[in-house]
Amino acid sequence: MYKSSPLIISVAIVLVSVSCKSGPEPGTAEHINAVTLQVNDARLLTSDEKPGDWISYGRNYQEDRFSPLSQITKSNIEKLGLVWSINLGTTRGIEATPLVVDGIMYITGPWSIVYAIDARKGEIIWIYDPQVPREYGERACCDVVNRGVALYKGLIYVGSLDGRLIAIDASSGTKKWEVVTVDQNKGYTITGAPRIVDGKIIIGNGGAEYGVRGYVTAYDALTGKKIWRFFTVPGNPSHGFESKAMEEAAKTWTGEWWKFGGGGTAWDAMAYDPELKLLYIGTGNGSPWNREIRSPGGGDNLYLSSIVALNPDDGELVWYYQTTPGDSWDYTATQHIILADLEIKGKIRKVLMQAPKNGFFYVIDRTNGDFISAMPFVYTNWAKEIDQTTGIPIETQFSRYKDINSIIAPHPIGGHNWHPMAYNKSTGLVYIPAQESSNMYGQPQDWEYVDDARTWNTGTRYNPDNPDQHDSLATQWNGKLIAWNPVTQKEVWSVNQKSFWNAGILSTEELVFQGAGEGDFVVYDARNGEKLWEFPLQTGIVAPPITYLIDGIQYVTLVAGWGGGMATWVKYTDQINPGGVYTFAIGGEKDAPQFPHQILPKLVNLKFSATNEQLDHGSRLLERYCSKCHSSGPGGAIPGLIYSKPETFEIFNQIVGEGAFLGKGMPKFNDRLSEQDIQDIKFYLLSSAQNEKNKK
Ligand code: CA
């Protein structure tokens with residue numbers, strides 16, 4: 001272990017702080033006020049000039065997550081070590097990108113809770129809990145997560161799970177204002193980070209599986225006054241259209257889509273080009289997924305699964321590019337958008353890059369939305385290719401599953417999901433946290449739309465009357481870190497990962513930082529993917545790391561913990577850490593923290609007797625009501641139900657029907673499920689546990 005460096009670091013900190021800093025004591029309210037008030041439009045526009053801070057979600061408006069800081073390199077990476085860690089004491093999802101200004105850090109945890117941290121000391125300064133009502137947990141498709149805050153002129157902004165946008169005083173943690181951005185009777189949630197553009201705060205929402213209509217809204221950042229709203233899909237035409245864009249979009253829909261909300265929720269990606277004055281937003285899937293139900297006469301269904309470029313002054317549509325016309329597979333284009341200037345065929349092009357769920361990597365001209373190129377970065381069989389002239393996908397004959405049960409790749413989880421990529425200006429590569437996957441889609445025999453903010457409506461299910469399509473290549477499930485050349489549209493290197501679901505990326509000139517779902521924080525060589533360093537955190541990792549300077553020294557921080565309701569595979573099978581914040585520097589010598597561990601549960605083994613009909617009924621109910629939150633494995637934010645304790649099954653009806661675990665976010669279902677229904681779910685779980693045991 002390297003011993004002398006921490007001393008050097010502390011001496012250096014003392015020297016720097018004594019000799020250079022005449023301002024207020026770091027970490028005091030006066031200091032926080034001073035440094036957070038400096039984050040204004042000019043600072044946001046020039047964030048690359050002060051890479052020692054990380055003041056917006058993607059580090060800069062291009063959202064490239066590439067830091068020019070160069071103290072941590074290939075040659076000293078073996079001396080990278082843990083400096084401090086904070087136990088957040090939660091096993092619910094952690095997905096936040098921290099923001100840092102002069103060593104003052106802001107992160108979010110589950111239930112949209114905001115933490116201010118003194119990164120010099122590794123201590124919490126304040127906690128702001130927006131008190132999200134726990135029944136909202138049921139409306140979150142993918143756990144009660146939050147991906148981070150925005151920072152502007154002394155205020156911290158969080159979008160809360162229940163649809164509020166809240167401005168908090170950066171130094172005291174007290175609320176300044178809040179606005180409700182959604183109809184809280186509907187299935188909207190906010191999990192994404194807000195962005196600041198030209199004095200406005202922009203926020204989207206999620207909920208396309210719960211029958212909502214997507215939109216983004218801009219508010220005055222200082223007062224919370226609403227400035228504009230851009231809907232991503234048209235509403236009922238008989239009510240009139242909000243804009244020309246909606247009138248045009250409605251021509252691409254058929255049937256009575258507005259009864260299902262339509263979807264198109266913009267729940268994550270945004271980027272901004274200040275020279276072009278264009279705000280780029282990624283939009284989500286259709287509601288329900290199956291176009292045959294949503295828009296039975298076909299149609300592209302604009303602006304689902306699209307990148308829309310808006311004028312940030314008034315929210316008017318300037319151009320759009322639709323990655324998945326007539327989406328029927330949950331192929332959102334809400335995935336990370338990165339802006340870069342690339343030399344393509346001898347010309348510098350201002351491009352926008354995205355690896356949406358549909359498995360193709362897109363390079364688009366960001367000045368006008370012109371298609372440049374798209375190639376598959378994982379195995380895809382919904383489309384053979386994207387026509388390289390028109391930018392329109394050429395679908396396979398089994399991609400639409402009206403008369404056939406189709407195994408389609410990628411799975412709704414996507415070839416790439418929310419986990420941020422990074423674009424390294426030095427290697428010219430984009431690092432994609434990807435996964436190979438597939439899913440069975442079918443036209444359901446007896447599907448019925450349930451108009452309820454809590455009900456998962458996808459409209460696809462295996463149909464036993466229809467023939468099956470078999471694709472042996474689509475059955476591989478594999479997590480993969482891919483280094484992609486966006487100019488040649490080719491993979492340069494890749495690393496196969498044990499865990500299917502891995503973390504977001506940070507890149508510096510020589511290095512790629514990524515948490516592996518199996519519980520290790522890993523650093524790779526940016527040029528060839530060689531693993532250079534790893535550190536066991538003993539918890540699932542999905543959030544992207546960041547890097548910054550404090551008093552001239554480079555640090556890396558990662559917020560780690562289960563995320564997104566996904567069953568992440570941790571190699572420490574009997575003990576895992578709860579969520580935490582971890583900060584590293586050269587010479588750090590702390591061991592992996594041993595927070596009080598969560599013991600992973602075992603398969604239940606109880607006697608029961610049930611008919612095949614009861615088991616089938618239980619299986620359908622489990623799929624509809626339980627599986628969107630509970631993973632299938634023993635780990636994850638919410639473990640698989642077959643791993644529940646025998647005592648849990650004894651009071652199963654009290655928990656599921658009457659809400660005994662309401663305080664933990666487990667809803668009560670007695671308004672929707674009878675005691676008989678609940679018993680059939682229980683029988684199905686006990687039978688599944690036995691089957692799982694027999695496999696082992
Ligand atoms: Ca979705």
Side-chain angles (χ1 to χ4, degrees), residues 93 95 136-147 161 163 182 186-192 204-216 232-233 257 260-270 281-295 301 303-308 322-337 354-359 382 401 408-419 435 437-441 447 449-450 452-461 501 542 563-566 623-624 627-629 631:
E95 297 187 350
Y136 275 88
E138 199 186 347
R139 303 187 194 181
C141 73
C142 313
D143 204 8
V144 295
V145 293
N146 187 281
R147 285 183 288 279
L161 191 72
V182 300
K186 294 199 155 66
Y188 288 105
T189 48
I190 298 178
T191 56
N205 46 56
E209 277 71 38
Y210 300 80
V212 306
R213 181 184 179 201
Y215 57 84
V216 288
T232 59
V233 297
W257 69 88
F260 313 110
T265 47
W267 51 263
D268 196 67
M270 294 187 219
I281 311 264
T283 74
N285 57 279
S287 167
W289 293 354
N290 187 345
R291 184 182 66 174
E292 202 53 39
I293 294 169
R294 183 180 75 232
S295 183
N301 293 185
Y303 303 94
L304 292 182
S305 306
S306 301
I307 295 154
V308 293
Q322 189 173 40
T323 56
T324 310
D327 169 47
S328 223
W329 311 274
D330 187 22
Y331 286 165
T332 66
T334 50
Q335 281 57 50
H336 187 185
I337 294 170
Q354 190 190 45
K357 276 190 185 177
N358 77 16
W382 70 278
Y401 43 90
I408 299 285
H411 182 276
I413 212 166
H416 168 226
N417 205 295
W418 67 269
H419 314 83
Q435 53 267 330
S437 63
S438 63
N439 184 55
M440 171 67 79
Y441 294 83
W447 190 79
Y449 177 68
V450 181
D452 180 317
R454 303 164 302 183
T455 303
W456 175 260
N457 284 296
T458 62
T460 158
R461 175 174 246 279
W501 191 242
V542 289
M566 287 301 302
E623 183 190 299
R624 176 142 225 173
S627 60
K628 68 187 187 198
C629 294
S631 68

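Numbering of ligands and ligand atoms starts at 1, following listing order. Worth knowing before you read on, the calculation uses all heavy atoms, side chains too, and leaves out hydrogens, waters and symmetry mates.
Counting only N and O atoms by type, the side chains of D327 and Q322 include no donor and acceptor under 3.5 Å apart.
Among the heteroatoms counted here (N, O or S) of D330, OD1 is the one nearest to the Ca ion (ligand 1). Take the N/O/S atoms of E209: the one nearest the Ca ion (ligand 1) is OE2.
Between W382 and W329, the angle of the ring planes lies from 30° to 60°, which puts this pair in the tilted group.
Taking the side chain to side chain contact (heavy atoms under 4.5 Å, CB included) definition, one finds that N301 meets it with W253, R291, R294, S295, L304, sequence neighbours left out. Partners of R624 by side chain to side chain contact (heavy atoms under 4.5 Å, CB included), not counting sequence neighbours, listed by chain and number: W447, V450, T455, N457.
Among the atoms of T332, no N, O or S atom falls under 3.0 Å of the Ca ion (ligand 1).
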